[in-house]
Visitor: 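Before I ask anything, let me first share the structure, which is written out below as structure tokens.
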Amino acid sequence: MEFNELEKVRLEKINRLKEQNIQPYPNRAEITATIREACESFEKSETSGTAEPLVFTLAGRMRSMRVMGKLAFTHIEDGSGKIQLFLRINELGDQLDFFKEYFDLGDFIEATGTMMRTRSGEISLLVTSLRMLAKAISPLPAAKEEVVDGVTVRHTGLSDPEIRYRQRYADLVVNPDVRQIFRTRAKIISSLRTFLDSHDFLEVETPILQPIYGGAAARPFTTHHNQLHQDLFLRISFELYLKRLLVGGFDRVYEIGRDFRNEGVSYKHNPEFTQLEFYCAYFDYFKVMDFTEEMLRFTAQNVLGTTKFSYNGHAIDLSQPWHRVNMREQIIIETGIDFKDYPDTESLRAAMEAKGIKSKPGVSRGKLINQLVEEYLEPNFLEPTFLYDYPWEISPLAKRKADDPTITERFEGFIAGMELLNAFTELNDPIDQEIRFLEMGRAYTEEDEEHNPIDEDYLRAMRYGMPPNGGFGMGIDRLTMLFTDKHTIREVLLFPHLRERDKDGNETEA
RNA sequence: GGGCGUAUAGCUCAAUGGUAGAGCAGUGGCCUUUUAAGCCAUUUGUUCUGGGUUCGAGUCCCAGUACGCUCACCA
């Protein structure tokens, strides 16, 4: 690492501080309140008319500085808020020169003084003494406002997405709205926990390193345990482990955690993503639908303070029941094709061709139906919608309908055209499950990397008897996108996956 | 993986193939109630990397890298 000119100036200040036996990075701060606490107790004392001066020692990062001769203002920020420091030679004497000489934007400062209001009415701390808490060497990206052709243009301090994601710490410091995204995200997760805990669900943790992966169709990441000489996979879902727990006697379980899928990245896909899965004994998929509506209504109310929000210009209202759309009927409405009339791949493909719908050669009937859903149905699901009754070929863990074994009791939830959740009446018949696994093995031939080995232990668990149950999975990242009106998953991930920097691209200075 | 676009000072951005600039920040100075203060002066560049065309390339061409959008992939 080399230092640029600006950084060299600050390093020189550090050296000069050390020469005077002043620590640029002292071990301890001695604050008596957070910034918010100080402001709140000052406002309280104002309304109660207390004459006593309020003295605090506060600390924070310097975010602005206005020096004018024998007087200076600076805003400092801690995790609770911002306050203006009022520095005057009257109170500080020589320490004002010390401040002007050694402090820069971005430094952490500790200041003791009396709470007051300036002439313009802003709550400030009239500082009587101050101390360096941590010197910043690199300047933070500076924000700026300028007038171009009579129009005020506001630049954010840091807008290059690459630097924002690679140096998220700098992004968070200078862009407060980015910090807000992650507060919202945390609140979403804690709200979901609160809701599920209050409905007698048990939170559990299941293996991330798995000898056999399953529960979804996705390519896994592979790793290796050296001592055991064993290849392991990073999980692509929690499903098969959570349902083992239903066999074990936990009727209501959930897990919030990370899934890993070795697939392409996009505005709604990241190689690792956070998922909520729950399983509830004696629920069927209709009960899961009701429960989902209730859970998301609660979560929105808790996080946003309202059930109404807008995403990408679309008004969303979670207080209303979701639309419930039958897949087969809706495909007929949108395309005129009734897939029941075409029980095999070739006839369905021909029917699609006749409508001018091109399909990839070699894909299964289930994938053809899925293609119709993605192209003709999903984009229209702007308001919260459950699409239900999926063909069995693409739903190997869902239970068949009693009156139609080619359809499963499965639904997916959509908001603003984006798939958010996936749920079904879980298949608990071990004989049918084995048939379905074998069918999957047949469907995924040599070229298909989604093919995964049969999980015999899961079948064994089911043979002991699994209660009928409803299962549910939801992408937390996508829910966060919806609640924060962000249109790329990277905005709601603190450290999204980015390609590794090339040695040449990184350009180490010769 | 395919297509399109972007890459210039610490940050945000300019620059008909002809001396690489502005605002902010930085540095020096003035300034005792400022609000992303103001005024005066002033520094800063491997124009992403590597080739090529040209008398001359930030600009045109080729290749590479990263990022963005998009398509493909994605029970």
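Numbered from 1 within each chain, the chains take letters A, B, ... in sequence-line order.
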Visitor: Out of G26(B), C74(B), C67(B), which nucleotide sits closest to the side chain of E374(A)?
Guide: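 Output: C74(B).
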Visitor: Checking only heavy atoms, does the side chain of E122(A) share a donor-acceptor pair with the base of U34(B) at less than 3.5 Å?
Guide: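 Check fails, no donor-acceptor contact within cut-off.
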Visitor: Side-chain N or O of K100(A) less than 4.0 angstrom from OP1 or OP2 on G29(B)?
Guide: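 Indeed not, no polar side-chain atom of K100(A) lies that close.
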Visitor: Between A66(B) and G26(B), how far apart are the two C1' atoms, rounded to whole Å?
Guide: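 Looking at atom C1' only, A66(B) and G26(B) are 29 Å apart.
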Visitor: What nucleic acid atoms does K358(A) come within less than 4.0 Å of, heavy atoms only: base, sugar-phosphate, or nothing?
Guide: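 It contacts nothing in the nucleic acid.
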Visitor: Which nucleotide, in any strand shown, forms a Watson-Crick or G-U wobble pair with G58(B), with both distances under 3.5 Å?
Guide: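 Base partner found: none.
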Visitor: Under a 3.5 Å cut-off for both distances, is U8(B) Watson-Crick or wobble paired, and to whom?
Guide: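 Across any shown strand, U8(B) pairs with none.
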Visitor: Whole angstroms only, please: what is the NZ-C1' distance between K367(A) and A72(B)?
Guide: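 After rounding, the reported distance stands at 13 Å.
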Visitor: Relative to the ring of Y458(A), is the ring of F437(A) parallel (under 30°), tilted (30 to 60°) or perpendicular (over 60°)?
Guide: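 Rings of F437(A) and Y458(A): tilted, 30 to 60°.
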Visitor: Looking only at atom C1', what distance separates C31(B) and U49(B), rounded to whole Å?
Guide: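 Straight-line distance between the two C1' atoms is 48 Å.
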Visitor: For F86(A), answer base if it contacts any base atom (sugar-phosphate contacts may also be present), sugar-phosphate if it contacts only those atoms, and nothing otherwise; contact means non-hydrogen atoms under 4.0 Å.
Guide: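 Since a base atom lies under 4.0 Å of F86(A), the category is base.
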Visitor: Look at K8(A) and U44(B) and indicate whether a side-chain polar atom (N or O) is within less than 4.0 Å of OP1 or OP2.
Guide: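 Indeed not, no polar side-chain atom of K8(A) lies that close.
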Visitor: Considering Watson-Crick and G-U wobble pairs with both distances under 3.5 Å, what does A63(B) pair with?
Guide: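 Base partner found: U49(B).
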Visitor: How far, in whole Å, is C60(B) from C4(B) if one measures between their P atoms?
Guide: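 It works out to 16 Å between them.
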Visitor: May I have the distance from I394(A) (atom CD1) to C74(B) (atom C1'), rounded to whole angstrom?
Guide: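 Computing the I394(A):CD1 to C74(B):C1' distance gives 13 Å.
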Visitor: List in chain and number order the residues that pass side-chain hydrogen bond (donor to acceptor under 3.5 Å, both in side chains) with E43(A), two or more places apart in sequence or in another chain; answer none if no residue qualifies.
Guide: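 Once residues adjacent in sequence are excluded, E43(A) has no partner under the side-chain hydrogen bond (donor to acceptor under 3.5 Å, both in side chains) criterion.
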Visitor: R63(A) near the nucleic acid: base, sugar-phosphate alone, or nothing, with a heavy-atom cut-off under 4.0 Å?
Guide: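 It contacts nothing in the nucleic acid.
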Visitor: I'd like to know if the side chain of R261(A) and the backbone of I236(A) have a donor-acceptor N/O pair within less than 3.5 Å.
Guide: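 Checked: pair present.
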Visitor: Which residues in residues 65-80 of chain A have at least one heavy atom lying under 4.0 Å from any atom of RNA chain B?
Guide: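 Going residue by residue through residues 65-80 of chain A, the ones with a heavy atom under 4.0 Å of RNA chain B turn out to be M65(A), R66(A), V67(A), M68(A), G69(A), K70(A), L71(A), F73(A), H75(A).
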Visitor: Would you call the rings of F233(A) and Y213(A) parallel, tilted or perpendicular if under 30° counts as parallel and over 60° as perpendicular?
Guide: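 Ring orientation, 0 to 90° scale: perpendicular.
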Visitor: Would you please indicate if the ring centroids of F86(A) and F73(A) are separated by under 6.0 Å?
Guide: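 Yes: the rings meet the under 6.0 Å criterion.
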Visitor: From A37(B), U34(B), G10(B), pick the nucleotide closest to the side chain of T118(A)?
Guide: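 Among the listed nucleotides, the one closest to the side chain of T118(A) is U34(B).
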Visitor: Whole angstroms only, please: what is the CD-P distance between Q275(A) and A75(B)?
Guide: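 Taking CD of Q275(A) and P of A75(B), I get 14 Å after rounding.
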Visitor: Ignoring backbone atoms, establish whether R166(A) has a side-chain N or O less than 4.0 Å from OP1 or OP2 of C67(B).
Guide: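 Checking R166(A) against C67(B): at least one side-chain N or O falls below 4.0 Å of OP1 or OP2.
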Visitor: Tell me, please, which residues at least two apart from Y311(A) pass ring pair (Phe, Tyr, Trp, His ring centres under 6.0 Å).
Guide: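 Expected list: H487(A).
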Visitor: Closest nucleotide of RNA chain B for R117(A) versus for Y165(A): which of these residues is on the 5' side?
Guide: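 With R117(A) and Y165(A) compared, the 5'-side residue is R117(A).
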Visitor: Provide the distance between the two P atoms, one in U70(B) and one in U27(B), to the nearest whole Å.
Guide: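 Going atom to atom, P in each nucleotide, I get 42 Å.
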Visitor: Atom CD of E263(A) and atom P of C74(B): how far apart are they, to the nearest Å?
Guide: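 Rounding to the nearest Å, CD of E263(A) and P of C74(B) are 8 Å apart.
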Visitor: Do T128(A) and Q95(A) have side chains that approach each other closer than 4.5 Å (heavy atoms only, starting at C-beta)?
Guide: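 No. Closest side-chain heavy atoms not under 4.5 Å.
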